[in-house]
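Just so it is clear, the model here is predicted, and its values are computed rather than measured.
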Amino acid sequence: MVVSDALAARYCLTDVVEPSAGRLAVTVSLTDVPNGTILWGDRYFGPIDDVHAVRASIVHGVVAALDEQIPVHEAALAQARTTEHLDAWGAYHLALRHMYRFTRADNQTALDLFARSVALDPNFARGHAGLSFASFQAAFLRYGDDWMEAARRHAERSVELDPLDPMGNFTLGRSLWLDGTPDAGLPWLGRATGANPNFAQGFYARAWADIMAGRSTEGRRNADMAMSLCPIDPMLYAMQATRAFTHLQDGDRDGAALWADRAARAPGSHYLVGAITVAVHEIDGNSEKAALWARSVQSRRKDATVADFFQAFPFENPELRSRLTSALARHGF
C-alpha cells in the first residue's frame with residue numbers, strides 16, 4: 001500500500017532529486033491520486049552549493065501550483081455533478097470558478113454555491129470567506145445594496161472558525177475597505193501574508209491599501225511580489241491596475257498607461273479597471289485612447305460615475321483626486 005492510499009489522500013506531491021556534477025535537478029509533480037492524473041509538474045535546477053535557493057524556488061512554485069491547480073481541478077469535478085449532489089468542498093470550488101468571472105450573474109451564482117457550502121457544513125471557514133469575497137464584490141461593483149454588512153459578517157465568522165486561514169484574514173481585511181478606510185484592514189492583511197508568505201492576493205491587497213494612502217514605493221513592491229508569486233492569478237488584472245497607480249503617483253505617465261492597458265485587457269477585468277485606464281490615458285495626454293476605453297466602459301456600465309470611482313478607490317491625496325476627477329469628467333463619467 002502506498003502512503004497516499006494509507007492516508008486516504010486525494011492529492012499527492014512527489015519529487016525526484018537528481019544530483020550530477022555539482023548540480024541538482026529536482027522534478028516535482030502534483031497527482032490526483034484516485035485516477036492517477038498528473039495535474040502539474042515542473043523541474044528546478046541549480047548548483048548543490050546553492051541548495052537553499054533551489055529549495056526556495058521549489059516552495060514558490062509548489063505553493064502557487066497548489067493554489068491554482070487544485071481549485072481548478074476541484075471545480076471541474078464539481079461541475080460534472082448536479083448541484084443537489086455537491087458536498088461543501090465541491091460547492092465551494094465550483095463557486096470560485098464563478099466568483100472570479102466578475103459579472104453580476106456569475107457573482108450571484110457564486111453566492112448561492114458558497115451559501116450551499118456553509119449550509120452543508122456550517123463550520124467550513126473557507127465557505128464563509130467565499131461568501132465574504134462575493135459579498136465584497138457585490139458592494140464594490142454596486143450589484144445592489146446592503147452587501148457591506150454581509151462581507152464583514154462572513155469574514156469575521158471565517159476568522160473565528162479558523163484564525164490562521166489566510167483567505168479568511170484576507171477577506172476580513174478587505175471588508176474594512178468598504179467604509180473608505182483601506183488602512184484599517186492592514187493588520188488582517190498582515191496576518192494573511194504572515195500565515196502564508198506565498199499568498200499572492202494578500203500582497204495585492206496590501207499594495208492596494210498602500211496606493212490609496214499614497215505609498216507608491218511600498219505599493220509597487222507589494223504588487224510586484226503578488227505578480228511574481230502567482231503570474232496566472234485570476235486577480236492579475238487588479239495587481240496590474242495597482243501597478244499602474246504606483247507609476248501615476250510617481251509622475252511616470254507612460255508607465256502608468258502601459259500597466260493600465262495590461263490590466264484593462266486581462267481576463268476578468270471589470271468596468272472600474274476600464275475607468276482607471278480612461279483616466280490614466282487622459283492624464284497622459286492621449287484623449288483619443290481615453291475615449292476608446294470610455295466607450296468600452298460605458299457599453300458595459302452606462303451608469304458609471306466619478307462618485308462610483310472614488311467609492312471604490314478612496315485616494316487620500318486631494319491633488320490626485322482632482323486630476324482623476326477632471327480626466328473622467330471629460331469622458332462623460
Side-chain angles (χ1 to χ4, degrees), residues 136-137 139-142 145 147-148 151-152 173-190 203-224 226 237-264 269-291 293-294 296-298 301 303-333:
F136 174 92
Q137 185 182 145
F140 188 74
L141 295 177
R142 294 193 308 108
D145 298 325
W147 287 106
M148 291 175 58
R152 179 83 58 87
R174 286 215 312 169
S175 73
L176 296 171
W177 296 357
L178 295 172
D179 62 3
T181 55
D183 271 358
L186 282 175
W188 299 103
L189 298 176
F203 282 100
Y204 145 67
R206 291 174 62 176
W208 193 92
D210 286 331
I211 62 166
M212 293 301 106
R215 299 185 294 264
S216 59
T217 301
E218 295 90 336
R220 186 172 304 181
R221 181 173 63 247
N222 282 321
D224 286 348
Y237 73 89
M239 301 169 189
Q240 293 169 331
T242 303
R243 189 70 149 79
F245 273 135
T246 69
H247 287 275
L248 190 63
Q249 288 176 338
D250 288 343
D252 177 10
R253 297 183 303 179
D254 289 343
L258 175 67
W259 282 99
D261 277 347
R262 289 179 183 174
S269 179
H270 51 70
Y271 83 97
L272 285 170
V273 175
I276 292 170
T277 311
V278 173
V280 166
H281 280 298
E282 183 62 34
I283 291 171
D284 192 34
N286 192 337
S287 293
E288 184 178 348
K289 199 162 189 179
W293 279 112
S296 174
V297 172
Q298 288 155 0
R301 194 66 179 258
D303 60 347
T305 67
V306 171
D308 297 335
F309 185 86
F310 286 115
Q311 183 176 342
F313 306 120
F315 287 99
E316 294 182 8
N317 186 305
E319 180 183 353
L320 181 58
R321 287 178 68 96
S322 177
R323 293 168 66 200
L324 290 167
T325 298
S326 296
L328 289 169
R330 290 190 195 105
H331 292 279
F333 288 85

Visitor: What's the separation between atom CZ in R243 and atom CG in L258, rounded to the nearest 0.5 Å?
Guide: 9.5 Å
Visitor: Taking salt bridge (Lys or Arg N to Asp or Glu O under 4.0 Å) as the test, write out the residues that go with R321, two or more places apart.
Guide: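 If we apply the salt bridge (Lys or Arg N to Asp or Glu O under 4.0 Å) test to R321, skipping adjacent residues, there are no hits.
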Visitor: Going by the angle between their ring planes, with limits at 30° and 60°, are F315 and F309 parallel, tilted or perpendicular?
Guide: parallel
Visitor: Please round to the nearest 0.5 Å and tell me the distance separating atom CZ of R330 and atom CD of E282.
Guide: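 Answer for the CZ-CD pair, R330 versus E282, is 4.5 Å.
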Visitor: For D261 and W293, does a side-chain donor sit closer than 3.5 Å to a side-chain acceptor?
Guide: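 Side-chain D/A pair, D261 to W293: present.
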Visitor: Please report the shortest heavy-atom distance between S216 and Q249, naming the atom on each side.
Guide: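 Minimum heavy-atom separation between S216 and Q249: CB-OE1, 3.4 Å.
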Visitor: Is there a donor-acceptor pair under 3.5 Å between the side chain of R253 and the backbone N or O of I283?
Guide: yes
Visitor: Considering residues at least two apart in sequence or located in another chain, which fulfil the side-chain hydrogen bond (donor to acceptor under 3.5 Å, both in side chains) criterion with S326?
Guide: none
Visitor: Heavy atoms, side chains only, cut-off 4.5 Å: are R215 and D183 in contact?
Guide: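 The answer is yes; the side chains approach within 4.5 Å.
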Visitor: Is the shortest heavy-atom distance from the side chain of W188 to the side chain of R174 under 4.5 Å?
Guide: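 When only atoms from C-beta onward are counted, R174 and W188 do not touch, as no gap falls below 4.5 Å.
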Visitor: Could you check whether any side-chain N or O of S322 sits under 3.5 Å from a backbone N or O of P318, counting only pairs where one atom can act as donor and the other as acceptor?
Guide: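 No.
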Visitor: Can you tell which of D284, I211, L320 makes a side-chain contact (heavy atoms from CB on, under 4.5 Å) with L248?
Guide: L320
Visitor: Please determine if R220 and D252 form a salt bridge, counting it only when a charged side-chain N lies under 4.0 Å from a carboxylate O.
Guide: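 Between D252 and R220 there is no salt bridge, as every charged N stays at least 4.0 Å from the carboxylate O atoms.
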Visitor: Should L272 and F140 count as side-chain neighbours, where that means a heavy-atom distance under 4.5 Å?
Guide: yes
Visitor: Does this structure show an ion pair linking D308 with R301, if we count only N-O contacts that are shorter than 4.0 Å?
Guide: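 No, D308 and R301 are not salt-bridged.
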Visitor: At what distance, to the nearest 0.5 angstrom, does OG1 of T277 lie from CZ of R262?
Guide: 12.5 Å
Visitor: Taking all non-hydrogen atoms of both residues into account, name the closest pair between L186 and A209 and its distance.
Guide: CD2-CB, 3.8 Å
Visitor: Take R221 and F203, measure what side chain to side chain contact (heavy atoms under 4.5 Å, CB included) needs, and give me the verdict at the end.
Guide: CA-CA 9 Å; R221 181 173 63 247; F203 282 100; over 6 Å; no
Visitor: Please report the shortest heavy-atom distance between A244 and A260, naming the atom on each side.
Guide: CB-N, 3.6 Å
Visitor: Out of curiosity, Q298 CD to F333 CZ, how far, rounded to the nearest 0.5 Å?
Guide: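 Output value for this atom pair is 4.5 Å.
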Visitor: Would R142 and T305 satisfy side chain to side chain contact (heavy atoms under 4.5 Å, CB included), going step by step from the backbone distance to the final call?
Guide: CA-CA 12 Å; R142 294 193 308 108; T305 67; 5.6 Å; no
Visitor: Shortest non-hydrogen contact from A256 to H247?
Guide: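 Answer, listing the atom of A256 first, then H247: N-CB, 3.4 Å.
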Visitor: Would you say that L324 contacts F313 through its side chain, given a criterion of any heavy-atom pair below 4.5 Å between the two side chains?
Guide: no
Visitor: What are the two closest non-hydrogen atoms of G185 and L176, and how far apart are they?
Guide: CA-CD1, 3.8 Å
Visitor: Quick one: sort the W208 and W177 rings into parallel, tilted or perpendicular, breaks at 30° and 60°.
Guide: parallel
Visitor: Would you name the heavy atoms of L328 and A275 that are closest together and state the gap between them?
Guide: CD2-O, 3.5 Å
Visitor: Just how far is it from atom CG of D303 to atom OH of Y271, taken to the nearest 0.5 Å?
Guide: 7.0 Å
Visitor: Nearest 0.5 Å please: distance from the CG atom of N222 over to the CG atom of L189.
Guide: 9.5 Å
